[in-house]
Number of protein chains: 2
Amino acid sequence: MTTNARGPSTRTARTSRTSAQEPSAAALDDTDRKLLALLAEDATRTYAELGKLLFLSAPAVHERARRLKREGVIKATVAALDAAKLNRPLLAFVHVDTTSWAVTRQLLALQELSDVEEIHTVTGESAMLLKVRTRDTQSLEQLLARIHAIEGFTGTRSYIALTTYLERGPSSNL
Amino acid sequence: MTTNARGPSTRTARTSRTSAQEPSAAALDDTDRKLLALLAEDATRTYAELGKLLFLSAPAVHERARRLKREGVIKATVAALDAAKLNRPLLAFVHVDTTSWAVTRQLLALQELSDVEEIHTVTGESAMLLKVRTRDTQSLEQLLARIHAIEGFTGTRSYIALTTYLERGPSSNL
DNA sequence: CTTGAAATCTTATTGGT
DNA sequence: ACCAATAAGATTTCAAG
């Protein structure tokens, strides 16, 4: 009988149907979450390196990664670009107050603009929230002018970011 | 003499010093921007495939990608995770009104929480803006309670996202 | 799941145009 | 600056325990 240094009773939570998860939520064990955290930080690591960090073999890591991609937990592997280096140092959050929800469709046309990073409908006094990144204040003004050209909203309020202390994607809890 | 189908006079804007760019901005030509857009969308493509799309050879693409990483335009290559699959379906933007800037330091401790995705100081009536993603409204309430435990702020206003129509990172203009 | 190994593909480099 | 070809390395897949 061989002693297993990395835990003989590693239960896989995936196979246990103890609690019915929400429809869109995936069943993940601690190793999955640790792997996701590592890949969310740097996806260029080799499976051998990941295996070392996770105390697993390379093929095992590969299989997990494949499953997570297939299940959609990993949506994509993308390059994270530096906005400042792309001549977009000005980050702003724009609240758009609309009178009717019909205006929403008009605002969706803004996703064509590369200045616009996020478009959400939100609760509260404003109906929509935009995260935009422009070259300078003039570019921001042009964008606001374009929004103002659309009929059916009360106005906009812009919050310009002075310093960004943290900016990352969704991370797994562990 | 051979006819070059992909444009014989492809000027490289990199070598021309026509306009003094801002210190942190990198000099990029159209091919660079197109490459960045492709990598920002899907970084798992092979250099051969990228070469096809850019009408370049694999080594040429590789050299450009290497330079862009070295210059910091490409900060990292990361896995984009699905927040809903990670049991974080609730997205909210929290405006924090503070009386003094000294409170900023306290709020920076929040970056330890995996719920918090972004922390900015902003102009306008509120001093700080947080982008948070929680499992449910109760988790959001706990987070807000933690913020309220800090002294020296007027209050918070939360905007809960109902639908996210667009969410992407910084993209290159072309 | 692990180990080991083989096949395939990608990446990195060299020299040449 | 790009291309072609080579060399090196990684990923992926398979088999056996």
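Below, chain A is the first sequence line, B the second, and so on; all start at residue 1. Everything quoted here is computed from the prediction, not taken from an experiment.
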Which pairs, protein N/O on one side and nucleotides 10-14 of chain D N/O on the other, fall under 3.5 Å?
{"residue": "D/dT12", "atom": "OP2", "partner": "A/H62", "partner atom": "NE2", "Å": "3.4"}
{"residue": "D/dT12", "atom": "O5'", "partner": "A/H62", "partner atom": "NE2", "Å": "3.4"}

How would you list all residue pairs meeting ring-ring contact (aromatic ring centres under 6.0 Å, His included) that involve residues 26-49 of chain B, not counting sequence neighbours? B/Y47-B/H62
What is the distance, rounded to the nearest whole Å, between atom [atom1] of [X] and atom [atom2] of [N]?
X	N	atom1	atom2	result
B/L50	C/dC9	CG	P	18 Å
B/R67	C/dA12	CZ	P	16 Å
B/K52	D/dC3	NZ	C1'	17 Å
B/E63	D/dA1	CD	C1'	7 Å

Determine, for A/D115 against A/R133, whether the closest basic-nitrogen to carboxylate-oxygen distance falls under 4.0 angstrom. no
salt_bridge(A/K131, A/E167) N-O dist < 4.0 Å: yes
What one should report as the nearest heavy-atom pair of A/L81 and B/P170 is CD1-O, 3.5 Å
Between A/G51 and A/V61, what is the shortest heavy-atom contact and its length? CA-CG2, 3.6 Å
Are A/H95 and A/H120 near enough that their ring centres are under 6.0 Å apart? no
